[in-house]
Amino acid sequence: MIDLRLLREDPELIRASQRLRGEPTELVDDLLHADEARRAATQRFETLRSEQNSLSKRIPKASPDERAGLLARTKELAAEVKAADAEASAANEALRAAHLAVPNVVQDGVPPGGEDDFVVLREVGDLPAIDNPKDHVDIGEGLKAIDMERGAKVSGSRFYFLTGVGALLQLGLLQMAVAQAVEHGFVPSITPSLVKPESMEGTGFLGSHASEVYRLEADDLYLVGTSEVALAAYHTNEILDLEAGPERFAGWSSCYRREAGSYGKDVRGILRVHQFDKVEMFSFCRPEDAAEEHLRLLAMEEEMLAKVEIPYRVIDVAAGDLGSSASRKYDCEAWVPSQNRYREVTSTSNCTTFQARRLNIRYRDADGKPQTAATLNGTLATTRWLIPILENHQQPDGSVRVPKALQPYLGGRDILKPVR
RNA sequence: GGAGGGCUCGCCUAGUGGCCGAUGGCGCCGGUCUUGAAAACCGGUAUGGGGAAACUCAUCGUGGGUUCGAAUCCCACGCCCUCCGCCA
């Protein structure tokens, strides 16, 4: 939810943001009207309520003949108050709906345009020279690390088994991510994979992404698509102490995505799957620190990419391709030799106060006044990383070199050899 | 799944229809005293909305109801705790 005060002061700023995103500016005017309507309705209710309260207070002290008159009047008022209350509630709900419809204000400097209009900030590392690179499925099958066929047999398409060194590789990678996070002061966390509707709603995943989310009808719970959901909702309705700086978490969870509408897209291998594992960073900080924190999360991601020795590029995602909560988003895309192109492996978003406002997460400013906090999230490692790791480090004989930093997490192994 | 108990302002707690946005203690903040500290004493200490302000409205797990008036009475739901059963 955007800041309504900002909206009242400078509606044009919000309209400009909508234009950058390619979203209708009418939503902004709808919201303005809903805001005004709510204030008017609230005012009407409160005036009546105030009168009712003061008359009610006089009843016990009134003389018997006064009392009859007062009771008659208050009885009338009670009905009026009830009606005004209902109107105010309706106006409130209308405001909330209009409020939810407006995405976060795009940060200055975000490239305009859609999915393809990102700006490449930098390319890091040399692309490997591999003749006829195998893709991660072939390599993974050779290592008996990835079993797509049995994944499909047991669970359907877009499911897989990681076995042997595949399982070890994922565990090692994620453990290395957690270790790095801890080293940098993040609180390692293992989070619920099932959350209540409020948590899903509050983090903004039931908006345009609702069809991406698995829902357990019988229990009215949702499977999270990322531990961001649980981590963001962790502090719902709380006032945090951010005196000492941002509060940082690294959450480990399995992630579940329906991938509805992506039929036929990236069907091979583990690039786009219904279930994967991830270590996700999440920060709560003061709004004025959010931009700096965003760069810190990006630096964490790049540190991980350096450790696994994968060439990558960093992109500044265009306004039209931002999620509704994000004011800015940087993706790291790893080089995938078999596809001869870069693919997204991390994504870090600065949600400013948008997400925290919805979840009612605040902190105390220098004057001790509660203010809405800012939230940020970013990927540290996921199952998907196995793709560039296997492919970039593949050897002609089908074995895979283990990056040095990862070796301690794989029992000291420096090479993964095919299993006949 | 069954039976019982509970949910009040950071924590503990008082409060069975109007004098209650709510008692007291602890904690925390400020002050007095002290060379400094402790103790003692005094004062302060929820959040949100509207309003330039005075002020006003809402909130005692959540939602409804009764009533002129609800923390207090009624109904439903949620969560926590204890015990029994079941599963692991």
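Remember, predicted model here, so these are calculated numbers, not experimental data. Throughout, protein chains are lettered first and strands after them, A, B, ... in sequence-line order, and every chain is numbered starting at 1.
Residue A:Glu115 places its CD atom among 12 or fewer non-hydrogen atoms of other residues, nucleotides or ligands, all under 6.0 Å distant. More than 12 heavy atoms of other residues, nucleotides or ligands sit less than 6.0 Å from atom CZ of A:Arg122.
If you check every strand for non-hydrogen atoms under 4.0 Å, A:Asn53 touches sugar and phosphate atoms only. When heavy atoms are screened at a 4.0 angstrom cut-off, A:Lys57 is found touching no nucleic acid atom at all.
Counted by atom type alone, A:Lys278 and A:Thr226 present one or more donor-acceptor pairs between their side chains at under 3.5 Å. Between the side chains of A:Thr236 and A:Asn360, no donor-acceptor pair is found at a separation under 3.5 Å. Side-chain N/O atoms of A:Gln355 and A:Thr375 include a donor and acceptor closer than 3.5 Å. Side-chain N/O atoms of A:Gln170 and A:Thr383 include a donor and acceptor closer than 3.5 Å. Looking only at atom types and distance, the side chain of A:Glu303 has a donor-acceptor partner in the side chain of A:His184 under 3.5 Å away.
The distance from atom CG of A:Asp241 to atom P of B:G27 is 20 Å, rounded to the nearest whole Å. Per the geometry, CD belonging to A:Glu93 stands 13 Å off C1' belonging to B:G63, to the nearest Å. A straight line from CD1 of A:Ile59 to P of B:G69 spans 8 Å, rounded to a whole angstrom. Rounded to an integer number of Å, the gap from A:Asn237 CG to B:A46 C1' is 14 Å. If you take CG of A:Asn92 and P of B:U59, they are 13 Å apart, rounded to a whole angstrom. The NZ atom of A:Lys369 sits 9 Å away from the P atom of B:U47 (whole-angstrom rounding).
Annotation: B:U23 and B:C74 have their C1' atoms spaced 27 Å apart (nearest Å). Between B:C26 and B:G44, the two P atoms lie 15 Å apart (nearest whole Å). The same atom, C1', is picked in B:U13 and in B:C20; the two are 16 Å apart, to the nearest Å. Straight-line distance between the P atoms of B:U67 and B:G15: roughly 28 Å, to the nearest whole Å. If you take atom C1' in B:A22 and the same atom in B:A58, they sit 15 Å apart, rounded to whole Å. Nucleotides B:U47 and B:G43 are separated by 23 Å at their C1' atoms, to the nearest Å. If you take atom C1' in B:G27 and the same atom in B:C86, they sit 44 Å apart, rounded to whole Å. Separating the C1' atom of B:G17 from that of B:C68 is a span of 12 Å, rounded to the nearest Å.
Using a cutoff of 4.0 Å between basic side-chain nitrogens and carboxylate oxygens, A:Asp266 and A:Arg343 are scored as salt-bridged. Taking 4.0 Å as the cut-off between side-chain N and carboxylate O, A:Arg286 and A:Asp365 do not count as a salt-bridged pair. Ion pairing between a basic and an acidic side chain is recognised when a charged N comes within 4.0 Å of a carboxylate O; A:Asp35 and A:Arg5 show no such pairing. The pair A:Glu293-A:Arg296 meets the salt-bridge criterion, since a charged nitrogen lies less than 4.0 angstrom from a carboxylate oxygen.
Taking a 4.0 Å limit (strictly below) on heavy-atom distances, residues 31-42 of chain A reaches RNA chain B at A:Arg38, A:Arg39. Residues from residues 43-52 of chain A with heavy atoms under 4.0 angstrom of RNA chain B, sorted by number: A:Gln43, A:Phe45, A:Glu46, A:Arg49, A:Ser50, A:Gln52. Heavy-atom distances under 4.0 Å link RNA chain B to A:Leu71, A:Thr74 of residues 67-74 of chain A, given in residue order.
In terms of position along RNA chain B, the nucleotide closest to A:Gln371 lies nearer the 5' end than the nucleotide closest to the other residue of the pair A:Gln371 and A:Lys196. Comparing A:Arg362 and A:Lys75, the nucleotide of RNA chain B nearest to each residue sits closer to the 5' end for A:Arg362.
Between A:Tyr256 and A:His274, the ring center distance fails the sub-6.0 Å criterion.
Counting only heavy atoms from C-beta on, A:Lys82 has its side chain closest to B:U66 among B:U47, B:U66, B:C68. Across B:G69, B:G18, B:U47, the shortest atom-to-atom separation from the side chain of A:Ile239 is found for B:U47.
Sequence neighbours left out, the pairs with a member in residues 13-22 of chain A that pass side-chain hydrogen bond (donor to acceptor under 3.5 Å, both in side chains) are A:Glu12-A:Arg15, A:Glu12-A:Arg19, A:Arg15-A:Asp29. Sorted by first and then second residue, the salt bridge (Lys or Arg N to Asp or Glu O under 4.0 Å) pairs with a member in residues 148-175 of chain A read A:Asp147-A:Arg150; sequence neighbours excluded.
A distance of 14.5 Å separates CG of A:Leu77 from NZ of A:Lys82, quoted to the nearest 0.5 Å.
Under the side-chain contact (heavy atoms from CB on, under 4.5 Å) test applied with A:Tyr312, the options A:Glu302, A:Glu344, A:Glu333 reduce to a single match, A:Glu302.
Remark: A:Arg5 is in phosphate contact with B:G49, judged by side-chain N or O atoms under 4.0 Å from OP1 or OP2. The phosphate of B:U47 (OP1 or OP2) has a side-chain N or O of A:Arg364 nearer than 4.0 angstrom.
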Represent RNA chain B in dot-bracket notation, 5' to 3'. Only Watson-Crick or G-U wobble pairs with both distances under 3.5 Å count; pseudoknot-style crossings use [ ] and interstrand partners use |.
-> ((((((((.[[[..)..(.....]]]((((((.......))))))(((((....))))).[[[[[..)....]]]]])))))))....
